[in-house]
J.: 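Here's a structure for you.
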Amino acid sequence: INIAAWPPARCMSVMQAGETVAIVTSTTTLATMPWLHEQPLSVINVDEVVSSVDDDLVLPPVKLDCSIRQSTDLAYCIFTSGSTGKPKGVAMSHGAALNTIRALVDMHQLDSSYTVLGLSHASFDLSVSDVFLTMQVGGTLVIASESMVSPPSPALWRSAAVEHGVTAWNRSEERRVGKECRSRWS
């Protein structure tokens with residue numbers, strides 16, 4: 001959820017409906033959202049986690065549970081307001097998510113050279129394709145800073161795209177991939 005942009009009542013409603021047990025946030029957000037400390041959940045402050053990590057630290061590999069899943073199993077749930085303005089959880093199965101990702105990979109002929117500029121907030125459904133599509137092809141996801149997206153700053157997008165060799169970005173009003181995207185940055 002976009003805690004910084006949503007009213008507290010909406011955030012609490014979504015957290016309750018989603019049976020939220022933990023939230024990952026920042027010092028800045030915590031300072032403006034004192035009501036978060038009143039919620040029955042764990043609050044993880046990324047600024048504290050990042051500041052406690054040595055720059056040269058190499059984390060050990062994480063063993064993931066890679067047991068076989070069914071295509072009907074839940075992959076993720078995202079809350080959307082749809083036409084009513086009231087947030088509703090939309091459950092996406094592994095099969096539905098994978099079908100979409102595979103179709104986009106085939107349509108755009110993506111591979112590990114795919115580098116996307118992630119301009120969508122994590123609470124927005126377009127961020128899902130940024131993350132999963134990039135992971136599917138072994139590409140690179142460049143996550144835009146808040147100052148790049150709110151308010152939108154095409155000049156900062158261009159700078160980040162050039163600096164990181166971005167080949168695609170995904171916005172609600174457009175999707176640019178490959179050569180079309182590279183010509184845009186030139």
Side-chain angles (χ1 to χ4, degrees), residues 1-3 5 18 22-26 44 46 49-50 53 55-80 82 88-150 152-186:
I1 59 178
N2 190 349
I3 283 192
I23 189 160
V24 179
T25 189
S26 67
I44 301 164
V46 293
V49 173
V50 170
V53 175
D55 287 340
D56 297 325
L57 177 68
V58 176
L59 298 174
V62 174
K63 180 156 176 57
L64 299 175
D65 175 9
C66 296
S67 55
I68 296 175
R69 303 280 181 226
Q70 300 299 314
S71 64
T72 55
D73 287 348
L74 178 68
Y76 64 90
C77 180
I78 193 160
F79 280 79
T80 178
K88 295 174 288 295
V90 177
M92 294 299 297
S93 69
H94 284 281
L98 186 58
N99 284 341
T100 301
I101 296 303
R102 284 182 174 162
L104 288 168
V105 168
D106 291 345
M107 180 187 316
H108 297 293
Q109 301 177 339
L110 302 176
D111 58 25
S112 61
S113 66
Y114 178 70
T115 301
V116 66
L117 178 57
L119 295 170
S120 299
H121 192 278
S123 67
F124 189 49
D125 58 355
L126 287 179
S127 69
V128 173
S129 72
D130 288 347
V131 173
F132 291 126
L133 185 59
T134 305
M135 289 173 57
Q136 174 70 22
V137 299
T140 302
L141 175 60
V142 179
I143 300 174
S145 67
E146 188 66 27
S147 64
M148 292 173 71
V149 294
S150 184
S153 176
L156 291 176
W157 301 349
R158 182 182 194 291
S159 176
V162 169
E163 178 183 349
H164 298 286
V166 167
T167 58
W169 81 87
N170 191 6
R171 297 286 292 174
S172 58
E173 66 276 5
E174 63 186 318
R175 178 169 184 85
R176 297 200 182 269
V177 178
K179 192 184 332 176
E180 180 183 353
C181 181
R182 283 188 291 277
S183 67
R184 170 89 176 214
W185 306 131
S186 304

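All values below were derived from every heavy atom in this structure, side-chain atoms included, with hydrogens, water molecules and symmetry-related copies excluded.
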J.: Can you tell me how far the CG atom of L104 sits from the CG atom of N99, to the nearest 0.5 Å?
T.: 11.0 Å
J.: Test of understanding: with side chain to side chain contact (heavy atoms under 4.5 Å, CB included), list the residues that count as partners of S153, not counting sequence neighbours.
T.: A155, L156
J.: Minimum heavy-atom separation for A91 to L74, with atom names?
T.: CB-CD1, 3.6 Å
J.: Applying side chain to side chain contact (heavy atoms under 4.5 Å, CB included), name anything that partners A160, two or more places apart in sequence or on another chain.
T.: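 In terms of side chain to side chain contact (heavy atoms under 4.5 Å, CB included), with neighbours along the sequence ignored, A160 is linked to L117, M148, H164.
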J.: Shortest non-hydrogen contact from G89 to C77?
T.: CA-SG, 3.9 Å
J.: I78 and V128: which non-hydrogen atoms are nearest, and at how many Å?
T.: CD1-CG2, 4.1 Å
J.: Tell me if a side-chain donor or acceptor on T167 pairs with a main-chain N or O of Y114 at a distance below 3.5 Å.
T.: no
J.: To the nearest 0.5 angstrom, please state how far the NE2 atom of H94 sits from the OG1 atom of T72.
T.: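 Between atom NE2 of H94 and atom OG1 of T72 there are 9.0 Å.
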J.: Taking the side chain as C-beta and beyond, is there a heavy-atom pair between V116 and L133 under 4.5 Å?
T.: no
J.: For S113, give me all partners under side chain to side chain donor-acceptor pair (under 3.5 Å), at least two apart in sequence or on another chain.
T.: D111
J.: Just jot down the side chain to side chain contact (heavy atoms under 4.5 Å, CB included) partners of A96, sequence neighbours excluded, or say none.
T.: M92, S93
J.: For I143, which residues count as a side chain to side chain contact (heavy atoms under 4.5 Å, CB included) partner, sequence neighbours excluded?
T.: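 Partners of I143 under the side chain to side chain contact (heavy atoms under 4.5 Å, CB included) test: L141.
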